[in-house]
Amino acid sequence: MGEFEKEAKRILKEVEKECGWMYETKHSDGRIGKVNYTIWSDVFLCDECSQEIVLWDAAVDKDSGEVSSEFLCPGCGASWTKRTAERAFTTTFDQSLNETIKQAKKVPVLINYSASGKSYTKTPDQYDFELLTKIESSKIPTWFPVDRLMDGKETRRNDPIGITHSHHFYTKRNLWVFSSFL
């Protein structure tokens, strides 16, 4: 094994030791699994009844993976598209900017994970939501860039949904891991 490979493996083990807890989930029998990936869904609001519409639940065919261009509100049955439905937003305190921000709401809807050498999928449960809350309320201990996106048509097109700074492109969990490598 070369020096580069040895050093890379050392760094990966160090980051795994520091951040691995953020990628744990519980299997149905209580075993701890390792999250491979999480699917997040946009959330919209129904203008007819004000109910939240999770796009994953309302518009995604789980078998084919196809996303329907039109979807129904689960509360009142009104028909919407991504262009006609209003986005739901969350307001949170961004510790790195030291200010309150408003961003388009996204929720985790599916977790793919491994346990005992096998791969599984599940809907996030109380354990997963508590873990995400713990991550969100923690301060990332390492430096990461928090630059305002530069002026420009493409760089500012996400401003309306609250992606205004470089770190907004990542979930806090992923940002934490990436910053651990810096």
Side-chain angles (χ1 to χ4, degrees), residues 2-25 33-45 52-60 65 67 80-114 124 127-182:
E3 287 301 311
F4 176 80
E5 187 177 355
K6 197 187 295 186
E7 181 64 6
K9 286 183 177 185
R10 183 196 66 75
I11 292 169
L12 286 171
K13 280 184 183 177
E14 190 176 301
V15 172
E16 169 76 22
K17 184 177 178 183
E18 177 188 337
C19 300
W21 63 273
M22 290 186 275
Y23 292 87
E24 292 180 348
T25 189
K34 197 56 114 177
V35 173
N36 299 318
Y37 62 86
T38 302
I39 295 177
W40 292 74
S41 177
D42 290 328
V43 179
F44 294 90
L45 293 174
E52 287 190 346
I53 306 167
V54 177
L55 190 64
W56 175 265
D57 297 333
V60 176
V67 180
W80 300 101
T81 67
K82 286 174 65 174
R83 289 185 190 261
T84 60
E86 178 186 344
R87 282 191 179 272
F89 281 84
T90 60
T91 302
T92 57
F93 184 75
D94 186 325
Q95 294 172 338
S96 55
L97 296 177
N98 199 31
E99 64 184 51
T100 300
I101 62 169
K102 181 179 170 184
Q103 291 186 313
K105 184 174 183 177
K106 295 183 183 301
V107 293
V109 292
L110 186 77
I111 297 174
N112 177 283
Y113 66 101
S114 299
Y127 179 90
D128 301 306
F129 287 111
E130 287 174 359
L131 181 63
L132 290 171
T133 298
K134 179 179 177 181
I135 293 166
E136 285 301 318
S137 65
S138 299
K139 185 169 174 51
I140 297 176
T142 47
W143 177 88
F144 54 89
V146 294
D147 300 321
R148 175 69 169 102
L149 298 177
M150 66 180 103
D151 284 325
K153 182 179 177 184
E154 285 302 309
T155 54
R156 293 288 176 93
R157 72 183 172 99
N158 289 309
D159 280 12
I161 60 170
I163 299 175
T164 57
H165 290 73
S166 55
H167 65 289
H168 293 157
F169 284 103
Y170 305 96
T171 63
K172 190 163 186 182
R173 158 168 70 184
N174 289 343
L175 182 63
W176 193 325
V177 172
F178 293 154
S179 73
S180 295
F181 284 101
L182 299 176

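Sparse packing is recorded around CZ of Phe4, with 12 or fewer heavy atoms of other residues, nucleotides or ligands lying under 6.0 Å away. Within a 6.0 Å sphere centred on NZ of Lys34, heavy atoms belonging to other residues, nucleotides or ligands number more than 12. Remark: Tyr127 OH is packed, more than 12 non-hydrogen atoms of other residues, nucleotides or ligands lying under 6.0 Å away.
When all heavy atoms of Trp143 and Ser179 are compared, the closest pair comes out as O-CB, 3.3 Å. For Ser137 against Gln95, the heavy-atom pair with the smallest separation is O-NE2, 3.8 Å. Scanning all heavy atoms of the two residues, the minimum distance from Pro124 to Leu110 falls at CD-N, 3.8 Å.
With a 4.5 Å cut-off on side-chain heavy atoms, Phe169 and Leu149 count as touching. In this structure, Ile101 and Phe93 have side chains that are not in contact, with every pair of non-hydrogen atoms separated by 4.5 Å or more. At a threshold of 4.5 Å between non-hydrogen side-chain atoms, the residues Leu45 and Phe89 do not count as touching. Between Asp128 and Pro108 the shortest side-chain heavy-atom distance does not fall below 4.5 Å.
Here CZ of Phe44 is found 8.5 Å from CD1 of Ile53. Values are rounded to the nearest 0.5 Å. Interatomic distance, CD1 of Ile135 versus CD of Glu130, reported as 12.0 Å (0.5 Å rounding). The distance from atom CG of Leu12 to atom CZ of Phe181, rounded to the nearest 0.5 Å, is 5.0 Å. For the atom pair Ile11 CD1 and Ser180 OG, the distance stands at 11.5 Å (nearest 0.5 Å).
Between the side chain of Thr84 and the backbone N or O of Trp80, no donor-acceptor pair lies under 3.5 Å. Judged by distance alone, with hydrogens and angles left aside, the side-chain atoms of Arg173 form no donor-acceptor pair with the main-chain N or O of Tyr23 at under 3.5 Å. Panel note: side chain Lys82, backbone Leu55; no donor-acceptor pair is recorded below 3.5 Å. Distance alone, capped at 3.5 Å, places no donor-acceptor pair between the Ser41 side chain and the Val54 backbone.
Using cut-offs of 30° and 60° for the angle between ring planes, the His167 and Phe144 rings count as tilted.
Between Glu5 and Lys9 there is a salt bridge, since a side-chain N of the basic residue sits under 4.0 Å from a carboxylate O of the acidic one. Between Asp159 and Arg148 there is a salt bridge, since at least one side-chain N of the basic residue sits less than 4.0 Å from a carboxylate O of the acidic one. For the pair Arg10 and Glu7, the salt-bridge criterion is met [side-chain N within less than 4.0 Å of a carboxylate O]. Salt-bridge check for Glu154 with Arg157: passed, with a basic side-chain N closer than 4.0 Å to an acidic carboxylate O.
Checked by atom type, the side-chain pair Asp147/Ser166 shows no donor-acceptor distance below 3.5 Å.
For the side-chain contact (heavy atoms from CB on, under 4.5 Å) with Asn112, the lone residue among Thr25, Thr38, Asn36 that qualifies is Asn36. Checked options His168, His165, Gln103; the residue passing with Asp94 is His168 (criterion: side chain to side chain donor-acceptor pair (under 3.5 Å)).
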